[in-house]
J.: 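I have a structure I would like to understand better, so I am pasting it below and will then ask my questions one at a time.
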Amino acid sequence: MRLDIVTIFPEYLEPLNVSLVGKARARGQLDVRIHDLRQWAHDKHNTVDDTPYGGGPGMVMKPEPWGEALDAVLASGEGEPVVVVPTPSGEPFTQQLAVELSAKPWLVFTPARYEGIDRRVIEEYGDRLDVREVSIGDYVLAGGEAPVLVMVEAVARLLPGVLGNAASHQDDSFAPGAMADLLEGPVYTKPPEWRGRTIPEVLVSGHHGKIARWRRDEAFRRTDRNRPDLIERADPAAFDKHDRAILAALGWSPREDGRFGRTSEAVEE
Ligand code: ADE
């Protein structure tokens, strides 16, 4: 997969040389190219921003440097990339979007500083390319570089051969599949006792069925506590008899449409 990132802070993307993404680059699985937007700003101060039309606080990124930068990046590759524009006003970045992007051969990221990029840039390239405005969450950062680090890591770990154990992202929280609507439960490793704290007996029972059931129950408990909205919107067809029992114990019951709602306090902790 090829990734191009156009930014005024190339050094902000140094972490892409480290760990999983760094190793994928070293192995040639990821071709990451970082470009300094100021290369395409031609005045004495390499200006990339200006005051907003209509007034208001902050500065807006000028269209000309972005246009030249994107033209150069597009001309340097084969075919058409998906252009990912990080912005708090974008569609939510989800595991599903990460999976979708991981299937593309070429992504171009345009992290902005200030109040964002002149709208005409998004329109110009949106007329020709798949341009996705994407938010990593309901909070405002100082720029799109940190969101790019987040999105690149989420996408890169899905590429074939990038994670050591291919099965290890199948049961991620939010991954499609049997655990789709649940958060992952707790995990333990050696030693069996630490500061007087032991591990759940079932995990050393060798009984795979019981372990799977325990993990699923724990996933329900954690989802109930941290993300009840996931249970509310889950397709109840995915819930078996045991799931329904643990949901009932946690204070959930089926509504008229079959989906679950919290109806009472939990009977267990
Ligand atoms: N730029 C600033 N805040 C952002 C956010 N939450 N997501 C994506 N890009 C951003």
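One is the number of the first residue; the rest follow in order along the sequence. In each ligand, atom 1 is the first atom listed, and ligand 1 is the first ligand listed.
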J.: Report yes or no: does a heavy atom of Gly143 sit under 4.0 Å from some atom of ligand 1?
T.: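 It does, in that a heavy atom of Gly143 comes within the 4.0 Å cut-off of ligand 1.
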J.: In ligand 1, which numbered atoms sit nearer than 4.0 Å to a non-hydrogen atom of Val134?
T.: 8 (C)
J.: Identify the protein heavy atom lying closest to atom 9 (N) of ligand 1, giving its residue, its atom name and the separation to 0.1 Å.
T.: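 That would be Thr87 N, 3.1 Å.
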J.: Note the single closest protein heavy atom to atom 7 (N) of ligand 1, along with its residue, its atom name and the distance in Å.
T.: Ile136 N, 3.0 Å
J.: Are any of the N or O atoms of Leu141 closer than 3.5 Å to those of ligand 1?
T.: yes
J.: Any chance CZ of Arg197 has more than 12 other-residue heavy atoms, nucleotides or ligands included, within less than 6.0 Å?
T.: no
J.: Just wondering, are more than 12 heavy atoms of other shown residues or ligands nearer than 6.0 Å to CD in Glu232?
T.: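 Counting other residues, nucleotides and ligands, CD of Glu232 exceeds 12 neighbours.
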J.: Does atom CD of Glu133 have more than 12 heavy-atom neighbours from other groups under 6.0 Å away?
T.: yes
J.: Short list, please: which atoms of ligand 1 are under 4.0 Å from a heavy atom of Pro147?
T.: 8 (C), 9 (N), 10 (C)
J.: What distance separates Leu182 CG from Phe220 CZ, expressed to the nearest 0.5 Å?
T.: 4.5 Å
J.: Considering heavy atoms of the protein only, find what lies nearest to atom 6 (N) of ligand 1 and give residue, atom and distance to 0.1 Å.
T.: Tyr139 O, 2.8 Å
J.: Could you pull out the closest heavy-atom pair between Pro15 and Leu149, with the gap in Å?
T.: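 Taking Pro15 first and Leu149 second, the nearest heavy atoms are CG-CD1, 4.0 Å.
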J.: Suppose we measure from atom 10 (C) of ligand 1 to each protein heavy atom; which comes out shortest, and what is that distance?
T.: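 Of every protein heavy atom, Pro88 CD, 3.5 Å lies nearest to atom 10 (C) of ligand 1.
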J.: Looking at every heavy atom in both Ser102 and Leu159, which two are closest together, and how far apart are they?
T.: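 Of all heavy-atom pairs spanning Ser102 and Leu159, the closest is O-CD2, 3.4 Å.
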J.: Return the set of residues passing side-chain contact (heavy atoms from CB on, under 4.5 Å) with Glu68 (not counting sequence neighbours), or none when no residue passes.
T.: Trp40, His42
J.: Answer yes or no: does an N/O atom from Gly137 fall short of 3.5 Å to an N/O atom of ligand 1?
T.: yes
